[in-house]
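Everything below concerns the one structure shown next.
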Amino acid sequence: NPNPYDGEPYYNLGWSKKMQGDVDGAYDAFFKATWNAAWQDAGYMGLAQIDMMRGDYAYGLEHIDRSLYRNWLNHKGRQLKVSFLRKMGDYESARKLIAESLQFDKFNMGCRFEAYLINLLQGCNEEAAAVKAEMKALMRGAVHSYMEYAIDYAAAGMYDEASQLLGFITEDTETTYPMVYYALGYYAARSGNESDALAYYKKAETMSPDYCFPNKLEEVLMLQDAIALNKEGAKAPYYLGNFWYAARCYDAAVSCWEASAAIDDSFPTVLRNLSLAYYNKRGDKQKAVELLEKAYSLDTTDARILMELDQLYKKMRYPHRQRLDFLEAHAEAVAQRDDLCIERITLYNQLGEYQKAYDLINSRKFHPWEGGEGKVTMQYVLCRVELAKQAIAAGRYDEAVRLLKETEKYPDNLGEGKLINAEENDVHYWMGCAYEGLGNAAEAERYFRMATQGSAEPAIAFFYNDQQPDKIFYQGLAWSKLGDEAKANSRFNRLISHGEQHLFDKVKIDYFAVSLPDLLIWDDDMNVRNQIHCNLVMGMGYLGKGDRQKAREFFEKVLSLDINHQAGKQFLDMCD
């Protein structure tokens with residue numbers, strides 16, 4: 001449509017052409033966008049920036065005025081108009097506009113920087129120094145704010161001004177955010193000074209890569225230019241890969257990270273990133289393991305990569321003892337993170353070493369963390385229930401009662417309290433069994449009745465506070481203890497029916513949520529998780545009805561799909 005109802009597509013076209021270096025095409029598209037009233041301020045602003053690049057100050061002043069007519073308080077527009085007035089030598093009008101603009105917004109750093117430049121041009125060095133000092137005090141060393149204002153200047157072709165502004169950061173310290181030097185290099189290259197550009201790009205490579213994650217399209221141009229000019233730089237393709245991965249351009253990200261690793265394969269983070277991409281986006285799991293193992297070998301003090309590597313081993317179904325031995329071999333790093341400590345405890349529980357898990361949980365002060373809800377408390381309860389079951393089997397009923405009563409109130413060191421709606425049918429059932437063994441029929445019946453409470457409708461537990469399906473199984477056992485076999489069988493039949501009905505469902509989580517049962521570092525298959533759930537509930541149903549052989553088949557299927565499934569292991573043990 002040569003005359004669309006909305007001017008936004010033409011504005012976007014102009015912006016895209018400008019980013020690709022087609023300034024003439026961008027100019028035409030911006031003009032077309034101004035045919036629509038809603039896009040006149042943005043369109044004329046785009047025209048004025050190109051006028052500045054071309055040195056057409058008279059046209060530029062007209063266009064920025066038209067932009068400001070539509071958006072009088074546009075602070076970028078006000079700064080650009082002051083820049084035109086400065087370039088035209090009309091310092092008096094420029095100073096008046098700066099003063100007016102600062103009345104609207106004292107943090108218009110573009111106008112403050114213009115005041116600094118005008119003072120320098122007029123030989124007012126002391127005033128310039130005062131303006132600079134006040135500006136730096138207000139900016140408080142916020143490097144990303146400096147970058148934003150520098151990009152505004154560069155968008156209008158004022159590369160010298162953009163570099164001067166970034167100089168406020170580099171003059172205080174040589175150690176700064178790497179993108180500052182990539183920006184300085186790009187502005188030097190755009191000004192035709194290739195030797196200075198190369199020097200800046202090499203300087204950027206020496207900056208700490210910690211927390212450097214480019215997120216602006218202008219930074220893509222900077223990094224692409226750095227890659228083209230500095231062939232030996234490994235960090236620029238690494239940073240660009242971070243941008244592409246965040247933008248879901250996964251093939252481009254992998255290409256960049258591979259290029260970075262080819263230049264320097266001693267940087268752990270680029271290998272770690274490649275590992276995630278190979279596993280989650282390319283399905284090459286073995287390559288993912290090799291890359292992450294190498295990343296960790298380069299820095300065995302990095303507990304974050306250790307955690308991710310253990311989770312990868314978990315996904316790859318490494319044996320529990322092998323994973324535990326690996327964590328024990330790096331005990332110092334494990335101790336740095338609660339999530340690693342709880343994985344270690346979980347492995348002891350999975351290996352049946354419940355007393356060791358019990359002692360480890362008691363010996364550490366955990367803190368709450370988002371996404372970790374329920375993980376510590378689950379292992380706290382599990383080891384006590386399993387130890388209580390062993391005590392019941394050995395006739396040590398008082399010990400079983402003591403262990404199970406420890407689940408009634410969580411100690412402070414867990415960093416997490418009990419949910420008000422916590423369902424503990426399993427705890428209540430085994431408590432009833434313990435009192436039954438002690439000959440206390442009244443207490444046994446009270447706990448068995450408590451074990452019958454809660455929803456009797458099975459559902460897959462996606463989140464930590466969802467009802468776990470084993471609670472329905474224990475409802476059935478409790479009703480059987482109370483002599484109501486009809487209600488007991490209704491629970492077991494519902495478990496079987498639910499599993500049969502939903503075994504082949506296609507499942508997905510269609511919204512963002514925390515508190516999922518597993519860390520979402522490595523992609524998970526929701527359909528496999530659903531199959532695990534359905535086989536588990538069918539196994540529980542048949543176990544409750546006394547068909548141990550059929551139950552065993554379902555639990556073995558669960559563990560064939562996920563060797564780390566704790567409930568599957570517990571119920572398989574119960575078949576014996």
*asked:* Under the ring pair (Phe, Tyr, Trp, His ring centres under 6.0 Å) definition, can you give me all pairs with a residue in residues 76-99, not counting sequence neighbours?
replied: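 Non-adjacent pairs meeting ring pair (Phe, Tyr, Trp, His ring centres under 6.0 Å): zero.
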
*Which residue pairs pass the ring pair (Phe, Tyr, Trp, His ring centres under 6.0 Å) test with at least one member in residues 191-220, sequence neighbours excluded?*
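Not a single pair qualifies under ring pair (Phe, Tyr, Trp, His ring centres under 6.0 Å).
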
Electrostatic pair [X]-[Y], nearest N-O below 4.0 angstrom:
| X | Y | value |
| --- | --- | --- |
| Lys96 | Glu100 | no |
| Arg323 | Glu343 | yes |
| Lys202 | Glu232 | no |

_Set of residues satisfying side-chain contact (heavy atoms from CB on, under 4.5 Å) with respect to Phe326, sequence neighbours excluded_ =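 Partners of Phe326 by the side-chain contact (heavy atoms from CB on, under 4.5 Å) criterion, ordered by chain and then number, come out as Tyr296, Leu306, Leu309, Tyr313, His330.
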
_Checking Asp325 now: which residues fulfil side-chain contact (heavy atoms from CB on, under 4.5 Å) with it, not counting sequence neighbours?_
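Only Arg321 meet the side-chain contact (heavy atoms from CB on, under 4.5 Å) criterion with Asp325.
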
When the aromatic ring centroids of [X] and [Y] are compared, is their separation below 6.0 Å?
| X | Y | result |
| --- | --- | --- |
| Trp39 | Tyr10 | no |
| Phe267 | Tyr238 | yes |
| Tyr187 | Tyr153 | no |

How many angstroms lie between atom [atom1] of [X] and atom [atom2] of [Y], to the nearest 0.5 angstrom?
| X | Y | atom1 | atom2 | value |
| --- | --- | --- | --- | --- |
| Met109 | Met139 | CE | CE | 6.0 Å |
| Met316 | Lys314 | CE | NZ | 15.0 Å |
| Asp310 | Leu347 | CG | CG | 6.5 Å |
| Leu117 | Leu120 | CG | CG | 6.5 Å |
| Asp265 | Ile263 | CG | CD1 | 11.0 Å |
| Glu148 | Ser145 | CD | OG | 7.5 Å |

For residues [X] and [Y], determine if any side-chain heavy atom of one lies less than 4.5 Å from a side-chain heavy atom of the other.
| X | Y | answer |
| --- | --- | --- |
| Asn242 | Trp257 | yes |
| Lys17 | Tyr27 | no |
| Ser83 | Met52 | yes |
| Leu223 | Met179 | yes |
| Cys341 | Phe366 | yes |
| Ser101 | His75 | no |
| Arg272 | Leu291 | no |
| Ile98 | Arg78 | no |

_Test side-chain contact (heavy atoms from CB on, under 4.5 Å) on Gln49 and Met53; report intermediate values, then the result._
CA-CA 6 Å; Gln49 288 175 327; Met53 295 172 72; 5.6 Å; no

Identify the heavy atoms of [X] and [Y] that sit nearest to each other, and give their distance.
| X | Y | value |
| --- | --- | --- |
| Cys111 | Val82 | SG-CG2, 4.3 Å |
| Asn108 | Leu102 | O-CD2, 3.8 Å |
| Ile64 | Gly77 | CG1-O, 3.5 Å |
| Gln336 | Ala303 | OE1-CB, 3.6 Å |
| Leu138 | Lys106 | CD1-O, 4.2 Å |
| Asn280 | Asp523 | OD1-N, 2.7 Å |

_Residue pair Lys375, Asp339: steps toward the side-chain contact (heavy atoms from CB on, under 4.5 Å) verdict_ = CA-CA 9 Å; Lys375 288 182 171 60; Asp339 49 10; over 6 Å; no

*Is a side-chain N or O of Ser163 found less than 3.5 angstrom from the main chain of Tyr159, in a donor-acceptor match?*
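The answer is yes, because a donor-acceptor pair under 3.5 Å joins these two groups.
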
*asked:* I'd like to know whether Asn273 forms a side chain to side chain donor-acceptor pair (under 3.5 Å) with Ser275, so could you lay out the CA-CA distance, the side-chain angles of the two residues, the decisive distance to 0.1 Å, and finally the verdict.
replied: CA-CA 5 Å; Asn273 289 2; Ser275 177; over 6 Å; no

Side chain to side chain donor-acceptor pair (under 3.5 Å) with [X]: which residues, sequence neighbours excluded?
| X | result |
| --- | --- |
| Glu258 | Tyr278 |
| Thr206 | none |
| Ser191 | none |
| Glu218 | none |

_Can you list everything that forms a salt bridge (Lys or Arg N to Asp or Glu O under 4.0 Å) with Asp51? Sequence neighbours excluded, please._
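Counting only residues at least two positions away or on another chain, Asp51 forms no salt bridge (Lys or Arg N to Asp or Glu O under 4.0 Å).
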
*For Asp251, which residues count as a salt bridge (Lys or Arg N to Asp or Glu O under 4.0 Å) partner, sequence neighbours excluded?*
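Asp251: salt bridge (Lys or Arg N to Asp or Glu O under 4.0 Å) contacts with Arg282.
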
_Within residues 24-36 or reaching into it, pairs that qualify as salt bridge (Lys or Arg N to Asp or Glu O under 4.0 Å) - sequence neighbours excluded_ =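 Pairs touching residues 24-36 that pass the test: Asp24-Arg54.
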
*Hey, could you give me each pair passing side chain to side chain donor-acceptor pair (under 3.5 Å) that has a residue in residues 116-125? Not counting sequence neighbours.*
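Pairs touching residues 116-125 that pass the test: Arg95-Asn119, Arg95-Gln122.
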
*Dump the intermediate steps for side-chain contact (heavy atoms from CB on, under 4.5 Å) on Tyr182 and Glu219, then the final yes or no.*
CA-CA 8 Å; Tyr182 285 116; Glu219 292 175 321; over 6 Å; no

*Take Arg364 and Asp338 through the salt bridge (Lys or Arg N to Asp or Glu O under 4.0 Å) test and state the conclusion after the steps.*
CA-CA 9 Å; Arg364 183 178 178 88; Asp338 281 354; 2.8 Å; yes

_Residues Tyr149, Phe113; criterion ring-ring contact (aromatic ring centres under 6.0 Å, His included); working and verdict_ = CA-CA 9 Å; Tyr149 287 108; Phe113 184 60; 9.3 Å; no

*Take Glu290 and Lys294, measure what salt bridge (Lys or Arg N to Asp or Glu O under 4.0 Å) needs, and give me the verdict at the end.*
CA-CA 6 Å; Glu290 293 170 9; Lys294 182 173 182 181; over 6 Å; no

*Could you tell me how the ring of His63 sits relative to the ring of Tyr44: parallel (under 30°), tilted (30 to 60°) or perpendicular (over 60°)?*
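Geometry flag for Tyr44 against His63: parallel rings.
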
*May I ask you to check whether Asn36 and Thr34 show a side-chain donor-acceptor distance below 3.5 Å?*
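Not at all, the side chains of Asn36 and Thr34 share no donor-acceptor pair under 3.5 Å.
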
_Arg304 vs Asp299, test: side-chain contact (heavy atoms from CB on, under 4.5 Å). Steps then yes/no._
CA-CA 11 Å; Arg304 165 67 178 266; Asp299 183 6; over 6 Å; no

*asked:* When you measure from the centre of the six-membered ring of Tyr57, is the NZ or CZ of Lys87 closer than 6.0 Å and no more than 45° off the axis?
replied: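 No, Lys87 does not sit over the ring of Tyr57.
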
